[in-house]
Amino acid sequence: MTWQPNKLEQERLEKAQQLSAQQVELYPARVARTHSANAAIQAFEAQEATGDTVSVIVCGRIRRINLKGKISFMHIEDESGRVQLMLRANDLDEKVYDLVKDKLIDMDDFVEAHGTMMRTKAGEVSVQTSALRLLSKSLSPLPVIKQQVNDDGTITEYGEFTDKETRYRQRYADLAVNHEVRQVFVKRAKVISAMRRFLDNEGFLEVETPILQPIYGGAAARPFTTFHNQLEQELYLRISFELYLKRLLVGGYDAVYEIGRDFRNEGVSFKHNPEFTQMEFYKAYTDYRGVMDLVERMVESIALAVNGTTQAQFKGQAIDFTAPWKRITLRDAIRENSGIDYMEYRDAESLTQALHQIGDQVERGQTWGKLVDHLLSKYVEPKLIQPTFLLDYPRDISPFAKRVTYDDFHVERFEIFCAGMEMGNAFTELNDPIDQEQRFMDMKRLYEDEDDEAAPLDEDYLRAMRFGMPPCGGFGMGVDRLTMLLTNQPSIRDVLLYPHLRDEQQ
RNA sequence: GGCCUUGUAGCGCAACGGUAGCGCAGCUGACUUUUAAUCAGUUGGUUGAAGGUUCGAAUCCUUCCAAGGUCACCA
């Protein structure tokens, strides 16, 4: 794609040429910043009473220009915020002031300003600028957003850059212009660091396991496939970390976790992206009830670190992460919300009929497990707004979980739901290698019945388990979705810097 | 993949089938404490793409492209 400058860009190219003709360096290498914008203002406010001079060199992108003849004002912005430059013809080299007056230095350029801090008549702390230097010439203008600071300190913005496609494709422009978008990704970083801090403090060891895997597993999803040329080996991008992490418990670690990227070759939606960030942990000598307590505390501590409160607003709903969260069995939740007790219909045929009786036209030929899952996602999931543990899932949709003690149909598994979304999944991990092998076989048969691609059987995982795996609980959580909740962003794309989009067409 | 909605100047938006317009930005000029600065003037368009209907299409029809939403798929 070759660049076709539009009219505005053409004008800027001409300005760049004029600057070069005047021996002004467009992209100098050396910078001499002493203060961030915010630090400069703070330093002045700290000294204001004594009247001492505060000399600064500040750098940033020009976000506002107000030319007023022989005096001009600019706002420059760095990551810390904005600071105003007051530029007087008297204070500056004449040639430099002309660059400003002739608009050869204009909006979106990066500049370096030398000067002393002062307060203007209108009361704004500013840099009385004695020298101004271009740091980087902007050839493509950013969308213009004007800001008005209200009496109560809030900021009203005029002009918008809202087209979602352009914002996602050109995230750099989105970030440069939309301050609140920058804030979202600051919070995202805090989510991850708070999560890591919590787990480290709980004695977990952070590990890294392969992304390129010869056998994918740990979830039911289609993988992305790739190929290693030299080894002539087909490889898959991981769909979960589960099986590799649990092998480490065989190796003798008591508690491990990983935060990283999973890849699933499935549909894209407001809560699905082909690559997404997952956290999984596994902890020996506990079970899914122990995991519940841990997860409640973890999410509480993350919410506090990110927002200073365990309350959150998401899509206009108030969400309260304060522990303890509601706990209800899947069976009860489905019975309460659909009127169907799936334990009264223990095969696919009769459960399908029961669904038809309540007016649900599910297709015939689905497995019993899938029908239960359908009941969950259609009748229960949308109603679970506050964080809720749904416990005890049917065995044949949960191949890695240990049986409950009270019957043969259910396993010790929970999922967390919040704001109508699945947020996490946990088991009392199955550590019986004979039972595990049987479950793999059962799953394989189920998938073959459905003419679906069978999940490959991971012999090495069974080999590991045969050495003995301690009883343990495991947990996985979508970091992107948690970030959505804590930043009140309605789509996963809004918490991913570079969400997946189709190829840009010429 | 199905259905619904959208696509007009750099950005945000108007225009009944009848001359494509407004605000901001841009450009020219004025202004030494402005802050959505103000004032005067002014440039900018193959209306997402390609066909079709019509005397006449941004507007109606068809196909395609892209995005958003929704459903399906997604333990």
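Every value quoted in this text rests on a predicted model; they were computed, and no experiment measured them. Below, read A as the first sequence line, B as the second, and so on, with proteins coming before strands; counting in each chain starts at 1.
Comparing B/rA9 with B/rC27, their C1' atoms are spaced 15 Å from each other, to the whole Å. When the C1' atom is compared between B/rG45 and B/rG7, the two are found 15 Å apart, to the nearest whole Å. B/rA66 and B/rG23 are spaced 27 Å apart, taking the C1' atom of each and rounding to whole Å. If you take atom C1' in B/rG44 and the same atom in B/rA20, they sit 13 Å apart, rounded to whole Å. Taking the C1' atom of each, B/rC55 and B/rA14 are spaced 27 Å apart, rounded to whole Å. Remark: the separation of the C1' atoms in B/rA15 and B/rU59 is 9 Å, to the nearest Å. Comparing B/rU63 with B/rG2, their P atoms are spaced 11 Å from each other, to the whole Å. Distance check on atom C1': B/rG17 versus B/rC24 gives 31 Å, rounded to whole Å.
In this model, a side-chain donor or acceptor of A/Asn425 finds a partner on the base of B/rA75 within 3.5 Å. Donor-acceptor pairing under 3.5 Å, judged by distance alone, is absent between the side chain of A/Arg119 and the base of B/rU33. Within 3.5 Å, no donor on the side chain of A/Arg264 pairs with an acceptor on the base of B/rA75, nor the reverse. Side-chain N/O atoms of A/Lys7 and base N/O atoms of B/rU43 include a donor-acceptor pair closer than 3.5 Å. Scanning atom types as modelled, one donor and one acceptor separated by under 3.5 angstrom connect the side chain of A/Gln84 and the base of B/rU34.
No engagement by A/Gly476 is indicated, since no non-hydrogen atom pair under 4.0 Å with the nucleic acid exists. At the heavy-atom level, A/Asn66 lies under 4.0 Å from base atoms of the strands shown. Within the 4.0 angstrom heavy-atom criterion, only backbone atoms of the sugar-phosphate kind lie near A/Tyr168; the bases stay farther away. Among the protein residues, A/Arg12 comes within range of no part of the nucleic acid, since none of its heavy atoms lies under 4.0 Å from any strand. Among the protein residues, A/Asp106 comes within range of no part of the nucleic acid, since none of its heavy atoms lies under 4.0 Å from any strand. Using a 4.0 Å heavy-atom distance criterion, A/Lys15 is classed as a sugar-phosphate-only contact. A/Thr162 comes within contact range of the sugar-phosphate backbone alone, with a heavy-atom separation under 4.0 Å but no base atom that close. The residue A/Gln128 sits apart from the nucleic acid: no heavy atom pair falls under 4.0 Å. Heavy atoms of A/Thr120 sit under 4.0 angstrom from at least one base atom.
Per the geometry, CD belonging to A/Glu11 stands 12 Å off C1' belonging to B/rU42, to the nearest Å. Spacing between atom CZ of A/Phe263 and atom P of B/rC74 amounts to 21 Å, rounded to whole angstrom units. Regarding A/Leu67, its CG atom lies at a distance of 9 Å from the P atom of B/rG26, rounded to whole Å. What separates CZ of A/Arg169 from P of B/rA66 is a distance of 9 Å, to the nearest Å. A/Met421 places its CE atom 16 Å from the P atom of B/rA75, with the value rounded to the nearest Å. Going from atom CD of A/Glu160 over to atom P of B/rC11 covers 13 Å, rounded to whole Å. Atoms CG (A/Asn90) and C1' (B/rC31) sit 15 Å apart, rounded to a whole Å. The distance from atom CZ of A/Phe73 to atom C1' of B/rU33 is 4 Å, rounded to the nearest whole Å.
B/rU43 makes up no base pair with any nucleotide shown, lacking Watson-Crick or G-U wobble contacts both under 3.5 Å. For B/rG23, the paired nucleotide is B/rC11, the pair qualifying as Watson-Crick or G-U wobble because both relevant distances are below 3.5 Å. Applying the Watson-Crick and G-U wobble criteria (two distances, each under 3.5 Å), B/rC16 pairs with nothing in any strand. Across all strands shown, B/rU5 forms a Watson-Crick or G-U wobble pair with B/rA67, both key distances being under 3.5 Å. Across the strands present, B/rU62 finds its partner in B/rA50; the criterion is a Watson-Crick or G-U wobble pair with both atom distances under 3.5 angstrom.
Residues A/Tyr97 and A/Asn90 are not in side-chain contact: their nearest non-hydrogen atoms beyond the backbone lie 4.5 Å or more apart.
For A/Lys70, the NZ atom is loosely surrounded, since the number of other residues' heavy atoms within 6.0 Å does not exceed 12.
Of the charged side-chain nitrogens involved, at least one lies within less than 4.0 Å of a carboxylate oxygen, so that A/Lys271 and A/Glu381 count as a salt-bridged pair. Ion pairing between A/Glu160 and A/Lys146 fails under the 4.0 Å rule for side-chain N and carboxylate O. Ion pairing between a basic and an acidic side chain is recognised when a charged N comes within 4.0 Å of a carboxylate O; A/Arg403 and A/Asp408 show such pairing.
Mapping A/Lys146 and A/Glu124 onto RNA chain B by nearest heavy atom places A/Lys146 at the nucleotide closer to the 5' end. Comparing A/Val144 and A/Met118 along RNA chain B, the residue whose closest nucleotide (by nearest heavy atom) sits nearer the 5' end is A/Val144.
Using a 30° and 60° split on the angle between ring planes, A/Phe400 and A/Phe427 fall in the tilted class, from 30° to 60°.
Of the candidates B/rA75, B/rU32, B/rU33, B/rU32 carries the atom nearest the A/Lys70 side chain, counting heavy atoms from C-beta on. Among B/rA25, B/rC74, B/rC31, the nucleotide with an atom closest to any side-chain atom of A/Leu8 is B/rA25. Comparing B/rU35, B/rU33, B/rA66 by their closest approach to the side chain of A/Arg88 singles out B/rU33. Comparing atom distances between the A/Ala122 side chain and each of B/rA75, B/rU35, B/rC11 picks out B/rU35 as nearest.
Between A/His410 and A/Tyr342, the distance separating the two ring centers is shorter than 6.0 angstrom. Taking the six-membered ring where the residue is Trp, the centroids of A/Tyr216 and A/Tyr236 are separated by under 6.0 Å.
For the 3.5 Å distance criterion, the side chains of A/Glu258 and A/Thr209 qualify, holding a donor opposite an acceptor.
Residue A/Arg82 places none of its side-chain N or O atoms closer than 4.0 Å to OP1 or OP2 of B/rU35.
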